[in-house]
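All residue numbers refer to positions in the sequence shown, counting from 1. Please read these numbers as outputs of a predicted model, since none were measured by experiment.
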Amino acid sequence: MNELIWYSWLGGIIIGTMIGSNLVLDEVARAGPRNVLITGSTRGLGKALAREFLLSGDRVIVTSRSPVSVGLTIEELEENLKQALNAATGSARKKLAHAKVVGIACDVSDPVDVKKLGKFAADELGYIDIWVNNAGTNKGFRPLLEFTNNDIQEIVSTNLIGSILCTKEAIQIMETQNKGGHVFNMDGAGSGGSSTPLTAVYGSTKCGLRQLQSSLLKECKRSKVGVHTASPGMVLTDLLLSGSTIQNRQMFNIICEHPETVARTLVPRMRVVKGSGRAINYLTPPRILIALVTAWLRRGRWFDDQGRALYAAEADRLRNWAESRTRFSFTDAMEMYTENTWVSVFSLSVVCAFIILSSTGST
């Protein structure tokens, strides 16, 4: 009888999780087009996020300080969308028909530029569902005394002041919208208050953003605007690699991922986020555990023993990427469901276990 009970509970947990995962799949499939604005989105993770939103059928605004970079990024993303449309059929093609990408140059540390960005978004899209503050810089890995005053000013202005100004602008716009909206600030090393030697200024700004988040959660309790954090973990971008040592790069082999891999995980979660105060993370505990357990297999994954890159350039990685891009899978949905809904899993497992136990007892 004891074995029967344990098997019933196990079956209930499995079935309950599968039911919940199918609910997530259904929610992701039904999620209509979103209007999305991403700062710092002409390279690295920001561009990968923009591409993933676009190929999910969303309308996206890209921005950076350089008008040239904005123009080139729009052209590149439009080509990705064209490839996806050519490869899509049926409902997938219908979903992509809503997608579009536009952009504007903006220095996020300049209040006038940020105000222009908000007006541009309202004029182009009418409203904003999701605003992602991704713009950031670290100026390399080195002791504080080796940073110039200009370096320090730029890091703090972009990472902290820029995110605060953009968050304020986003909340002001979304408060006037019937459905509100959601603002994401990007976490990084130092967010939790841990030390960040060789990137002390960068870490200080990220710690400041975590404080901003906790304060806004209390300020915006009755607001229809959700304020969240997104943590990409360690991503193979210029921001991470600038000034990195050979030892750093050996560690990157274990824990780092390409921007498009991280974006593929973060974007579906951002698109269906609810409420406020959510933390959407790429490096979840199971991923960290798997990375550490398989560390010996990951040696030479991205860099050789001399720290030379072994992976393909972005252009080569993305060649035909739109056509071969995998659809949102059941395993993705299961991971999303079990991340922050253990109460739901337990509740469903109890119900399913009771049904299985009752059925078995009656026979």
Colleague: Tell me, with the steps shown, if Gln213 and Val227 meet side chain to side chain contact (heavy atoms under 4.5 Å, CB included).
Modeller: CA-CA 7 Å; Gln213 168 75 0; Val227 184; 3.1 Å; yes

Colleague: Kindly say whether Asn35 contributes a backbone atom to a donor-acceptor pair with the side chain of Asp129 at under 3.5 angstrom?
Modeller: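 Yes, because the side chain of Asp129 sits within donor-acceptor range (under 3.5 Å) of the backbone of Asn35.
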
Colleague: Just do the side chain to side chain contact (heavy atoms under 4.5 Å, CB included) check on Thr167 and Trp131 with the steps written out, would you?
Modeller: CA-CA 8 Å; Thr167 299; Trp131 182 309; over 6 Å; no

Colleague: Rounded to the nearest 0.5 Å, how far apart are CD1 of Ile74 and CG of Leu81?
Modeller: 13.0 Å

Colleague: For Val183 and Ala170, which heavy atoms make the closest approach, and how far apart are they?
Modeller: CG2-CB, 3.7 Å

Colleague: Do Ile164 and Leu217 belong together in a cluster built from hydrophobic side chains that touch within less than 4.5 Å?
Modeller: no

Colleague: I'd like to know whether CZ of Arg43 has more than 12 heavy-atom contacts from other residues, nucleotides or ligands below 6.0 angstrom.
Modeller: no

Colleague: Answer yes or no: does atom CD of Gln153 have more than 12 heavy-atom neighbours from other residues, nucleotides or ligands under 6.0 Å?
Modeller: no

Colleague: Examine Val273 and Val132 and state if one hydrophobic cluster contains both, with Ile, Leu, Val, Met, Phe, Trp and Tyr joined whenever side-chain heavy atoms are less than 4.5 Å apart.
Modeller: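 They do share one cluster, since a chain of ILVMFWY contacts under 4.5 Å joins Val273 to Val132.
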
Colleague: Is a side-chain donor or acceptor of Asp58 paired with a backbone partner of Arg34 at a separation under 3.5 angstrom?
Modeller: yes

Colleague: Short question: side chain of Arg93, backbone of Leu85 - any donor-acceptor pair under 3.5 Å?
Modeller: yes

Colleague: With rounding to the nearest 0.5 Å, note down the distance linking CD1 in Ile171 to SG in Cys220.
Modeller: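 SG of Cys220 is found 4.5 Å from CD1 of Ile171.
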
Colleague: Is it the case that the side chain of Thr63 and the backbone of Ile104 share a donor-acceptor pair, with hydrogens and angles ignored and the cut-off at 3.5 Å?
Modeller: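 Pair found, side chain donor or acceptor close to backbone of Ile104.
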
Colleague: Can you tell me how far CG of Leu310 sits from CG of Asp304, rounded to the nearest 0.5 angstrom?
Modeller: 5.0 Å

Colleague: Show the nearest heavy-atom pair for residues His182 and Gly275, with the distance to one decimal.
Modeller: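 The answer is CE1-O, 3.5 Å.
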
Colleague: Tell me, do Thr265 and Glu257 make a side-chain contact under 4.5 Å, heavy atoms counted?
Modeller: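 Not touching, per the 4.5 Å side-chain cut-off.
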
Colleague: Is any side-chain heavy atom of Thr137 closer than 4.5 Å to one of Asn159?
Modeller: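 Yes, side chains in contact.
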
Colleague: Got a donor-acceptor contact below 3.5 angstrom from the Lys206 side chain to the Gly192 backbone?
Modeller: no

Colleague: Between Thr199 and Phe141, is there a donor-acceptor pair closer than 3.5 Å when you use the side chain of the first and the backbone of the second?
Modeller: no

Colleague: Does any part of the side chain of Arg299, heavy atoms only, come nearer than 4.5 Å to the side chain of Asp305, both counted from C-beta?
Modeller: yes

Colleague: Before you tell me yes or no, could you show the steps for Asp187 and Leu209 under side chain to side chain contact (heavy atoms under 4.5 Å, CB included), namely the whole-Å CA-CA distance, both residues' side-chain angles and the distance that decides it to 0.1 Å?
Modeller: CA-CA 8 Å; Asp187 266 356; Leu209 284 179; 5.7 Å; no

Colleague: Calculate, to the nearest 0.5 Å, the distance between atoms CE and OG belonging to Met270 and Ser56 respectively.
Modeller: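 Output value for this atom pair is 11.5 Å.
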
Colleague: Taking the side chain from Thr39 and the backbone from Asn134, do they hold a donor-acceptor pair closer than 3.5 Å?
Modeller: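 Flag set: sc Thr39 to bb Asn134 pair under 3.5 Å.
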
Colleague: Which pair of non-hydrogen atoms, one from Lys274 and one from His228, has the smallest distance, and what is that distance?
Modeller: O-CE1, 4.0 Å

Colleague: Nearest 0.5 angstrom please: Phe303 CZ to Leu236 CG, how far?
Modeller: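 Answer for the CZ-CG pair, Phe303 versus Leu236, is 5.5 Å.
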
Colleague: Where do Met234 and Ile255 come nearest, in terms of heavy atoms and distance?
Modeller: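 So the two residues come closest at SD-CG2, 3.1 Å.
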
Colleague: May I have the step-by-step check of side chain to side chain contact (heavy atoms under 4.5 Å, CB included) for Glu52 and Leu49, ending in yes or no?
Modeller: CA-CA 5 Å; Glu52 193 62 43; Leu49 290 170; 5.8 Å; no

Colleague: Please determine whether salt bridge (charged side-chain N to carboxylate O under 4.0 Å, His left out) holds for the pair Glu124 and Arg59, giving the CA-CA distance in whole Å, both sets of side-chain angles, and the decisive distance to 0.1 Å.
Modeller: CA-CA 10 Å; Glu124 286 288 330; Arg59 296 177 281 261; over 6 Å; no

Colleague: Using the rule that Ile, Leu, Val, Met, Phe, Trp and Tyr join whenever any side-chain heavy atoms are under 4.5 Å apart, tell me whether Phe120 and Met174 fall into a single cluster.
Modeller: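 Yes, it is one cluster - the side chains of Phe120 and Met174 are joined through contacts under 4.5 Å.
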
Colleague: Are Ser231 and Leu283 side-chain neighbours, meaning at least one heavy-atom pair lies under 4.5 Å?
Modeller: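 They are not in side-chain contact.
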
Colleague: Is any side-chain heavy atom of Leu77 closer than 4.5 Å to a side-chain heavy atom of Phe53?
Modeller: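 In short, these two side chains do not touch, never coming nearer than 4.5 Å.
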
Colleague: Quick check: do Tyr127 and Asn178 have side-chain heavy atoms less than 4.5 Å from each other?
Modeller: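 When only atoms from C-beta onward are counted, Asn178 and Tyr127 do not touch, as no gap falls below 4.5 Å.
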
Colleague: Hydrophobic clustering (ILVMFWY, side-chain heavy atoms < 4.5 Å, transitive) - are Trp302 and Leu297 grouped together?
Modeller: no

Colleague: Restricting to non-hydrogen atoms, name the atom on Pro268 and the atom on Ala263 that form the minimum distance, rounded to 0.1 Å.
Modeller: CD-O, 4.2 Å

Colleague: In chain order, what residues pass the side chain to side chain contact (heavy atoms under 4.5 Å, CB included) check against Thr237, with sequence neighbours excluded?
Modeller: Val235, Leu239, Leu240, Pro259

Colleague: Is the Tyr311 ring parallel, tilted or perpendicular to the His258 ring (thresholds 30°, 60°)?
Modeller: perpendicular

Colleague: About how many Å separate OG of Ser276 and CZ of Arg222, when rounded to the nearest 0.5 Å?
Modeller: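 Here the interatomic distance stands at 13.5 Å.
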
Colleague: Does Arg142 count as lying over the ring of Phe147, i.e. NZ or CZ under 6.0 Å from the six-ring centre, within 45 degrees of the axis?
Modeller: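 Arg142 over Phe147 ring: yes.
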
Colleague: Partners of Lys116 by side chain to side chain contact (heavy atoms under 4.5 Å, CB included), sequence neighbours excluded?
Modeller: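 Scan of Lys116 (side chain to side chain contact (heavy atoms under 4.5 Å, CB included), adjacent residues dropped) gives Val112, Asp113.
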
Colleague: Check whether any side-chain heavy atom of Leu165 lies under 4.5 Å from a side-chain heavy atom of Val108, and answer yes or no.
Modeller: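 The answer is no, as the side chains (C-beta and beyond) never meet within the 4.5 Å cut-off.
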
Colleague: Closest heavy-atom contact between Asn133 and Asn185?
Modeller: ND2-OD1, 2.8 Å

Colleague: Say whether Thr294 and Arg298, considering side chains only, have a donor N or O and an acceptor N or O under 3.5 Å apart.
Modeller: yes

Colleague: Any link between Leu292 and Tyr282 through a network of hydrophobic side chains (Ile, Leu, Val, Met, Phe, Trp, Tyr) touching at under 4.5 Å?
Modeller: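 The answer is yes; both residues are in one hydrophobic cluster.
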
Colleague: Evaluate the side-chain proximity of Gln177 to Lys224: yes if any heavy-atom separation is below 4.5 Å, no if none is.
Modeller: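 No. Closest side-chain heavy atoms not under 4.5 Å.
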
Colleague: So if I apply the side-chain contact (heavy atoms from CB on, under 4.5 Å) rule between Thr205 and each of Asn138, Thr158, Leu160, which one comes out positive?
Modeller: Leu160

